[in-house]
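The basis for the numbers below is simple: all heavy atoms, side chains too, and nothing from hydrogens, waters or symmetry mates. Lettering of chains follows the sequences in order, A, B, ..., and the numbering in each one begins at 1.
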Amino acid sequence: MKVYELLAQAFVAEGTSDVFGMMGDANMHWMNALARRGVRLYEVRHEGSGLGMADGWARTAGRPGVVTTTSGPGVAQLATSMIVASRARTPLVAFCGETAWGDQGAVQYLDQRRFAAAIECGFVHVSRADLAEEAVQRAFYLSRTESRPIMLSAPIDVQKQECEDGDQYVPSTDLIPRGRSLPDPAAIEAACDIIRASKRVVIIAGRGARRAEAGEQILRLQGRTGALLATTLQAKNWLCGSTDYHVGIAGLYGDKTAMELLQEADCVIAVGASLNHYTIEHGYLFPDARYIQIDTAPHIVMGNGAVADSYIRADAVTALTELTRALESRSVALEGFHTTEVLHRLTAPLATPAEFHGEPGLLDPREVIHVLDEEIPGEIGLVLGSGHQTDFGTMLFQRSREVLSNYGMFGAIGQAPLLTIGSIVANGNRPAFVVEGDASFLMHLPEFETACRYDIPILIVVMNDEGLGAEYHKAGAAGLDPELAVIPTPELGPVAVALGGGGATVRTADQLRAALAEYVRAPRPTVIDVRITRNIVSIPYRRLLHGEDV
Amino acid sequence: MISIKEEIAVPSPPAHVWEVISNPADVVSCISGAELGAAHDDGSFDGTLVVRFGAVRVRFAARVILELAADEREGRLSARGRDGRRATRFAADATFRVVPGDGPGRARVIVSGEITITGKLAALVESGAGTVITRMTTEFSDQLVQRCAGVDLHPARAVGGGGQWQCPG
């Protein structure tokens, strides 16, 4: 058989079912071999977009996503999306073709190893036919164990060589031990001591806790310690329907009540949350707290530059079960934040309709989020985009649903619709919606056509302020001319229809409700261009740019 | 770096305004969230200040040096400090001068200075820090006017004397 077939066979053995990318001379044989083995191929309009989709696929599936490019220029297109995936710690394998081994005069030659290093990507080379399977296994092993993107670079001449049939391939999963790690009893003891000496405990649940399905154990610990439950941005709204003492996101996106209450904490228990500087505001959000951290990582330095007072390295479910059992056996039970007064403060609405201030033909972005949350059922997942507009959704969406946020992952605009497409594919074509800005959406507009071509039921809600919203507000605060950040856009509803999907441009809440109803009734690729006012500044921007205590 | 340039019109005679503004305890009582600590042999003293940046409260501790030229009714204040977590440092240098106002029995306080914030908080507050300081300056101006008019800003709290200043927080 040919090496490209052997490589395709190994990818299938690694569990590859969906591949995003663009075909070229140096990967077309491999893609054909994949197609013959039943792998679904998603031909995109830009290699970087394909990587964004593979990133979204992996974040949802919890296993390596796969993107493919041809040699040289195809690889070069990956740059921005690859760094995003790296910052998000996404397990991903990029199968990249390469010009013939050693032919540095080839038109499409690129030093792909150096390029991979520059874009924060691991690199594995298929340098010999007899090492091809080992290269695939290593790429997937590194991707899974280091939770990062790996470029598997395969020269086209090596791919076309003859090789022995592969029937002994050992998937990388066989090399990774399974089973839950048990917590160190001394660490549990130390954590008990900290909790016993505390009066106001906060539990912060992160993406790791959600993946470990540790919700039940978190709620039990919360009940025993009288804790407030907060989440990281990546676990937004998780468990919010299961406890009255849920304060939303810890960090800049927390509301004023949450910020005030969290600063009163004298103990923080992090579960599957790294407590980076976003979550704890460099430590300023918890000035008087001691930290207990439960995580599977060998060690973590938190966003305040310190390590936890008690670090429990273990699986979330096991550690929480053990910690709660230890507290029970010591009869440690706190009222903590679970008081009528705190409950009253937490039930106040974040933004009431009376506060909405649109303009003629332009909606208040807060009202848009309010309508979206009301009209879109909880089983339809949400992806949060970028720019100033994303602050409104990040703070104001209240309904419990799967939420994926790309905030803090390199700060690149334009990624969220791509992540959403990949996420939908990973979820078996289950509908999802993304709230994105106009500049972001237009950056990768052609991929809406990709979604239409594969009938991917994505709803893209474009919060259209006809400009670069973040720069508009930052320019104003810096004394620059905000009008330079204004960029008119055409009506995007008809554009979406022209590309083969559904579309509407809306200027009132009723028009928005009608457009949403149409999508919810029969989900299909849809763009709703929502015209919003630039007059409303988000709460994070009011804090950061104007120092407001809001 | 944040620049301060402020002219405060005070409806009190210059001599009285100078009396207030040259007394650290009186000045501190005009700053919400400020406290004076121990005085040192070299004339400097300790101080703390709780500042709200957005919804986050940060407590700074500083060594403050106050140099006064009574004849010119001019003072120079410098402070160097950091927050309790040692993640953020600040340096402040300011001069202030009391001059006659636009009528009898009125004064103007001319303040100019610079504040530099470095460290973690600098990234956190972005341009909001300048706004916060402008807001604090405005509050200080209002409080100074009241203090000079003889209003006891914090009647429930005692103000210490001698080498140890204890001022309201």
* Over all heavy atoms of both residues, which pair between A:P540 and A:D391 is shortest? Give the atoms and the distance, please. => CB-OD2, 3.5 Å

* Asked: Could you name the residues of residues 87-102 of chain B that have a heavy atom within less than 4.5 Å of a heavy atom in chain A?
  -> B:A87, B:T88

* **Contacts of type ring pair (Phe, Tyr, Trp, His ring centres under 6.0 Å), residue A:Y472, not counting sequence neighbours** => none

* **Contacts of B:P13 that satisfy side-chain contact (heavy atoms from CB on, under 4.5 Å) - sequence neighbours left out** => B:H16

* Structure fact -> Sequence neighbours excluded, the answer for ring pair (Phe, Tyr, Trp, His ring centres under 6.0 Å) partners of A:H246 is none

* **Pair A:E548 + A:R543: basic N to acidic O under 4.0 Å** => no

* Considering only heavy atoms, which portion of B:R57 lies under 4.5 Å from any heavy atom of chain A: side chain, backbone, both, or neither? -> both

* A:D266 and A:R290 ion-paired at < 4.0 Å -> no

